[in-house]
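Just so we're on the same page: letters track the sequence lines, and every chain starts at 1. No experiment lies behind these values; they were computed from the predicted model shown.
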Protein chains: 2
Amino acid sequence: MTSAFALSDHDSAQLPLATELIAVIVASSGGAARILTIGGGDRLPSGPLESRHRSLQSGLRAWVEAQTRHQLGYMEQLYTFADPDRTGSAPNVRVISVSYLGLTRESQKASFSDAGWRDWYRYFPWEDHRAGAPPLIAAAIAPRLSAWAHGATTAALRRERRQRADITFGLNGHRWNEELALHRYELMFEAGLVEEAHRAGADLRERAGLFGRPMVHDHRRILATGIARLRAKIKYRPVVFELMPDEFTLFQLQQTVESLSGRLLHKQNFRRFIEQQQLVEETGDIATETGGRPAKLFRFRREVRIERAIGGTKLPTPRS
Amino acid sequence: MTSAFALSDHDSAQLPLATELIAVIVASSGGAARILTIGGGDRLPSGPLESRHRSLQSGLRAWVEAQTRHQLGYMEQLYTFADPDRTGSAPNVRVISVSYLGLTRESQKASFSDAGWRDWYRYFPWEDHRAGAPPLIAAAIAPRLSAWAHGATTAALRRERRQRADITFGLNGHRWNEELALHRYELMFEAGLVEEAHRAGADLRERAGLFGRPMVHDHRRILATGIARLRAKIKYRPVVFELMPDEFTLFQLQQTVESLSGRLLHKQNFRRFIEQQQLVEETGDIATETGGRPAKLFRFRREVRIERAIGGTKLPTPRS
DNA sequence: ACCCTTATGCTGAAACTGAGCATTTCAGTA
DNA sequence: TACTGAAATGCTCAGTTTCAGCATAAGGGT
């Protein structure tokens, strides 16, 4: 056992390092949650930390701007990976990947180079329950997970797999929980249903696209991490802020939340919830293009932002 | 545009990197929350990632074991830092610090070398509200924060500072929120109340110890991050598991939770909460050394662990 | 037997949730 | 101009959950 304090002296222990900053940038418009991608949609903006970057965050901002010409607002750290076999890069270098979640307004008119906004449900078709549970789950996912569970070697393992599938996908009496997006992706990966699981040379490759569009390396996993985090956070922190224009109707706000959480909300209860939070105030103006009775326009109250940024919140319940 | 990994070519951008893994290891015994420290209590176990480590987690486990002879159970990532001036180390090297939170049972009889368990409230005396708000807050913290807020240059800034102080420390009608441990430390830091704020050469150094025991570098900040995370998590995930012995009374469980959250709970409601969660089952045995009526002994139900590890939970409310 | 201490059981008011029904106010359209 | 469809808004109500106590049980010690 190497002694605890012999560290930096041991040249043998030295490890060639590289860093990678990866961004999950989310926006929502017209009832669709979108993410900022490059490479025609199969990778997230990313790049290494360089000496000119003052911090991880600023480095990431620089990369995103360089690759997409998009300026970022709110950001928070997601996760840091350093698995030896994580990326397809040089085998002797340890890559440390730090991922961030960013929320923004999809301002810049679309694309620079090969950057662009994509609906995030293209990558996770099983995550959108706004029109009820997607048929894909019952038709394709559930049976395959079942087969996978059945194929386990021990009874205990079979039971555990079945239980995980039931819980994460809301099968057999369990409720759908939208926050388990990452668990679901990991399960799909373990069960070999997503294309990424077969990268290291396998035969059973799934028909591309059936279980969502794949991404480079583990970018889709990182995206799932971001979705799960955002769906959880939105319930107790006023992060939707960052996604909304200056003025909006309550229904637009609701639709934004719905697009992120992937489920519909009871309209009246959503309003009650928002009002009781005192997050918004009327602007006095009225939106006329709603199709029915015109809706009042609201804006977020500046005053609350500090308090809310610290305090807490909760989200109301599903609507039929 | 440069791909994520093409960068190693740019020698100019190359950055000498080093890593640091830092552990916040928590245990609770006898109603006291403790953390595992080295250096006589002023630093957290830590060490660089080396080539023999298969992952960040396993590297950290190795370091903690080497430095403290303590074996770890549950761990989760806390945060990753890479500020250029973070540590006192060589100025031309960028250190990436990845911190983890670990929960354990304080098994190993105390110490190896200079390792040891310390009550975490020694580092954050203002965080323990089990016997009511510590007098320190009203006597020393509140007035100094007030002065600090008053010293701001603009009215808006003054207002913001005052508001932050009120919210985070539960002053002027605001409620104490134990989850804001990190916010509070950051506020104390900004206001120059903690010793660490004056490291870069200042004069106003506070009397050491009045505002908690300082630590090396930013270790105390990392500890605050861990406390805040644990206090939040304990409410919706059954993480106390990891801190309890195999058999325990409900009151011991409650005291463990109380030691972590720093506030007392209503006993009957805590029981109802635990029962309704169905996390525990009676062992059939009875603890006799309680001082009053003997208490039933409980253990955690194995069956629930998977579901709970995924699902959710909530914590009941304060007791007087 | 009496007292002190902690465990455990119960209860009632208040607050919160989930689901609807009812009314208001536009834009079109017969 | 009255009628209709589409939303926005307002209100109600029952079922749950939460908060805070009161009451009783069951040990040890004097």
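Listed by chain and number, the residues in a side-chain contact (heavy atoms from CB on, under 4.5 Å) with B/Ala142 are B/Leu171 (sequence neighbours excluded). Residues passing the side-chain contact (heavy atoms from CB on, under 4.5 Å) test with B/Ala228 are B/Ala181, B/Leu182, sequence neighbours excluded. Partners of B/Glu76 according to the side-chain contact (heavy atoms from CB on, under 4.5 Å) rule, which considers only residues two or more places apart in sequence or in another chain, are B/Tyr74, B/Leu101, B/Arg229, B/Lys233. Taking A/Tyr79 as the reference, A/Phe81 meet the ring-ring contact (aromatic ring centres under 6.0 Å, His included) condition, with sequence neighbours excluded. In this structure B/Ala232 satisfies the side-chain contact (heavy atoms from CB on, under 4.5 Å) test together with B/Glu179, sequence neighbours excluded.
A/Trp176 does not carry A/Arg231 over the face of its six-membered ring by the limits of under 6.0 Å from the centre and within 45° of the normal.
OP1 or OP2 of D/dT9 has at least one side-chain nitrogen or oxygen of A/Arg271 nearer than 4.0 Å. Contact check, B/Lys267 against C/dA7: a side-chain N or O comes under 4.0 Å of OP1 or OP2.
Following rounding to the nearest Å, B/Gln254 (CD) and C/dT6 (P) show an atom-to-atom distance of 12 Å. In this structure, CG of B/Leu265 is placed 16 Å from C1' of D/dG21, rounded to the nearest angstrom. At whole-Å resolution of the value, NE2 in A/His266 and P in D/dT9 are 15 Å apart. When the P atom of C/dC16 is taken as reference, atom NZ of A/Lys235 falls 19 Å away, rounded to whole Å. Regarding A/Leu297, its CG atom lies at a distance of 15 Å from the C1' atom of D/dT9, rounded to whole Å. Rounded to whole angstrom, the span from the CD atom of A/Gln277 across to the P atom of C/dC16 amounts to 10 Å. Remark: P of C/dC10 and CG of B/Asn269 are 15 Å apart, rounded to the nearest angstrom. In this structure, B/Phe270 atom CZ and C/dA7 atom C1' are separated by 14 Å, rounded to whole Å.
Along DNA chain C, the nucleotide closest to A/Arg272 and the one closest to A/Gln268 are compared, and the more 5′ of them pairs with A/Arg272.
Counting only heavy atoms from C-beta on, B/Ala295 has its side chain closest to C/dT8 among C/dT8, D/dA20, D/dT9.
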Summary of protein contacts for nucleotides 23-30 of chain C, nucleotide by nucleotide, where a base hit scores B, a sugar-phosphate-only hit scores S (4.0 Å, heavy atoms): -BBB----
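Using a cutoff of 4.0 Å between basic side-chain nitrogens and carboxylate oxygens, A/Lys235 and A/Glu178 are scored as salt-bridged.
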